[in-house]
Amino acid sequence: PGKIRVFCRIRPLSKSEIGRGSRIVVDCPDDYTVTVESSRGLKEFQFDKVFNSSCTQEDIFEDTIRLIQSAVDGYNVCIFAYGQTGSGKTFTMIGDKELKNPGVIPRAFQRMFHIIEENKMKFDFKPLRFFICKSGRQQKWERRFSECGLWLKGNCRSSVATKTSISHEKVVSHHFICSKMNSESSRSHLIIGVTVESTNHTNGSVTYGKLSLVDLAGSERAAKTGAKDEQLKEENS
Ligand SMILES: Nc1ncnc2c1ncn2[C@@H]1O[C@H](COP(=O)(O)OP(=O)(O)OP(=O)(O)O)[C@@H](O)[C@H]1O
């Protein structure tokens, strides 16, 4: 707990990039290093782990499983994707539109329900609270998410989570409603999460955990769009 780990995922070239004759300029000589070809030579970056372009959604999720357990155990866990537009944040966090390759968010929820089901003899779980927040230019009000210590601008919805309410399809459609469609106009961030409250049958102790999963708006847009003042503050929130 309290530790921040930074992973890097390299995505394969897209069809259009291949069509344009682009080539990959990043490489990972080992599991912790990324090199990038630049006009000023090869640059090297270190990460806690690097996933190369052949890594699958399963490979990515394997490193996340113990964090889901931590949230059930009463810790506050936050997983977020950061990177420029088109780098694969949404693919990694949510998955593809065709629902063939679910990402971290649907897998995390599936896993959480599984852990809860397995532990029902030992713990009494309160119904999971499910929340979605997105930032947006239209919604200017600020909201402090005191429980998870995040400052947010935008709206937030919370409801009881069930397996069906947070199925892969629902998460994907929420995403495209909440984030993707608005991202061009509002450069929104999407935060989707769940709170877990459990009581230990043996000693009566109660724990509260939270899992926040975040698909941030593209990190480069401020510069590219020339956003200023209020707009920029909002993107940076
Ligand atoms: N690891 C991957 N394997 C195969 N396709 C990928 C992978 N990562 C991303 N893609 C594809 O690349 C495209 C861009 O990815 P994605 O939409 O996830 O980017 P993004 O970082 O969320 O962009 P934005 O900030 O604009 O929302 C999508 O068509 C996606 O399906």
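Quick caveat, the model's predicted, so the values are computed rather than measured.
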Pair F125-V72, side-chain contact (heavy atoms from CB on, under 4.5 Å): steps then yes or no: CA-CA 9 Å; F125 291 99; V72 178; 3.8 Å; yes
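- Legend: residues meeting ring-ring contact (aromatic ring centres under 6.0 Å, His included) with F47, ordered by chain and number and at least two apart, are absent.
- How far CD1 of I115 is from CZ of F123: 11.5 Å, rounded to the nearest 0.5 Å.
- Annotation for L42: hydrophobic cluster partners, listed by chain and number, are none (ILVMFWY side-chain heavy atoms under 4.5 Å, direct or chained).
- Under the side-chain hydrogen bond (donor to acceptor under 3.5 Å, both in side chains) criterion, K126 pairs with E197, sequence neighbours left out.
- Residue pairs satisfying the salt bridge (charged side-chain N to carboxylate O under 4.0 Å, His left out) criterion with at least one member in residues 50-59, sequence neighbours excluded, are listed as follows: E58-R107.
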K210 and V196: CA distance, side-chain angles, deciding distance, side-chain contact (heavy atoms from CB on, under 4.5 Å) verdict: CA-CA 6 Å; K210 172 173 278 175; V196 194; over 6 Å; no
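- Applying the ring-ring contact (aromatic ring centres under 6.0 Å, His included) test to F61 and every residue at least two apart in sequence or in another chain returns nothing.
- Proximity of a side-chain donor or acceptor of K89 to a complementary backbone N or O of Q84 within less than 3.5 Å is detected.
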Criterion side-chain contact (heavy atoms from CB on, under 4.5 Å) on C28 and I10, from CA distance to verdict: CA-CA 9 Å; C28 50; I10 299 169; 4.2 Å; yes
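- A distance of 8.5 Å separates CZ in F51 from CD in E62, rounded to the nearest 0.5 Å.
- Placement of Y32 and F45 in two distinct hydrophobic clusters is found when ILVMFWY residues are connected by side-chain heavy-atom separations under 4.5 Å, directly or transitively.
- Remark: D73 engages Q69 in a side-chain hydrogen bond (donor to acceptor under 3.5 Å, both in side chains) (not counting sequence neighbours).
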Tabulate below the donor-acceptor pairs under 3.5 Å that side-chain atoms of residues 34-41 make, not counting sequence neighbours, or state none.
{"unit_1": "T35", "atom_1": "OG1", "unit_2": "D27", "atom_2": "O", "d": "3.4"}
{"unit_1": "E37", "atom_1": "OE1", "unit_2": "R23", "atom_2": "NH1", "d": "3.4"}
{"unit_1": "E37", "atom_1": "OE1", "unit_2": "R23", "atom_2": "NH2", "d": "2.7"}
{"unit_1": "S38", "atom_1": "OG", "unit_2": "R40", "atom_2": "N", "d": "3.1"}
{"unit_1": "S38", "atom_1": "OG", "unit_2": "G41", "atom_2": "O", "d": "2.7"}

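- Heavy-atom contacts from other residues, nucleotides or ligands closer than 6.0 Å to CZ of F7 number more than 12.
- For S198, the side-chain hydrogen bond (donor to acceptor under 3.5 Å, both in side chains) partners are T207, not counting sequence neighbours.
- Residue pairs meeting the side-chain hydrogen bond (donor to acceptor under 3.5 Å, both in side chains) criterion with at least one partner in residues 5-14, sequence neighbours excluded, are R9-Q57, R9-T92, R11-E17, S14-S16, S14-E17.
- Under the rule for a side-chain hydrogen bond (donor to acceptor under 3.5 Å, both in side chains), D124 has no partner lying at least two apart in sequence or in another chain.
- Counting all heavy atoms, side chain and backbone alike, G209 lies closest to N76 at C-OD1, 4.0 Å.
- Scanning all heavy atoms of the two residues, the minimum distance from S53 to P12 falls at CB-N, 3.7 Å.
- In this structure, the separation between OG1 on T64 and CD1 on I79 is 5.0 Å, given to the nearest 0.5 Å.
- With a 4.5 Å cut-off between side-chain heavy atoms of Ile, Leu, Val, Met, Phe, Trp and Tyr, the cluster of V206 takes in Y208.
- Distance alone, capped at 3.5 Å, is enough to place a donor-acceptor pair between the D96 side chain and the N101 backbone.
- Residue pairs meeting the salt bridge (charged side-chain N to carboxylate O under 4.0 Å, His left out) criterion with at least one partner in residues 44-54, sequence neighbours excluded, are K49-D63.
- Taking NE2 of H201 as the start and NZ of K120 as the end, the distance is 10.0 Å to the nearest 0.5 Å.
- Linking Ile, Leu, Val, Met, Phe, Trp and Tyr residues whenever their side-chain heavy atoms come within less than 4.5 Å leaves F91 and F109 in two separate clusters.
- No donor-acceptor pair under 3.5 Å is formed between the side chain of N119 and the backbone N or O of K122.
- At least one side-chain heavy atom of C78 sits less than 4.5 Å from a side-chain heavy atom of V214.
- Minimum heavy-atom separation, S70 to V77: CB-CG2, 4.0 Å.
- Between I192 atom CD1 and L211 atom CG the span is 10.0 Å, to the nearest 0.5 Å.
- Between the CG atom of L213 and the CD1 atom of I105 there is a distance of 5.0 Å, given to the nearest 0.5 Å.
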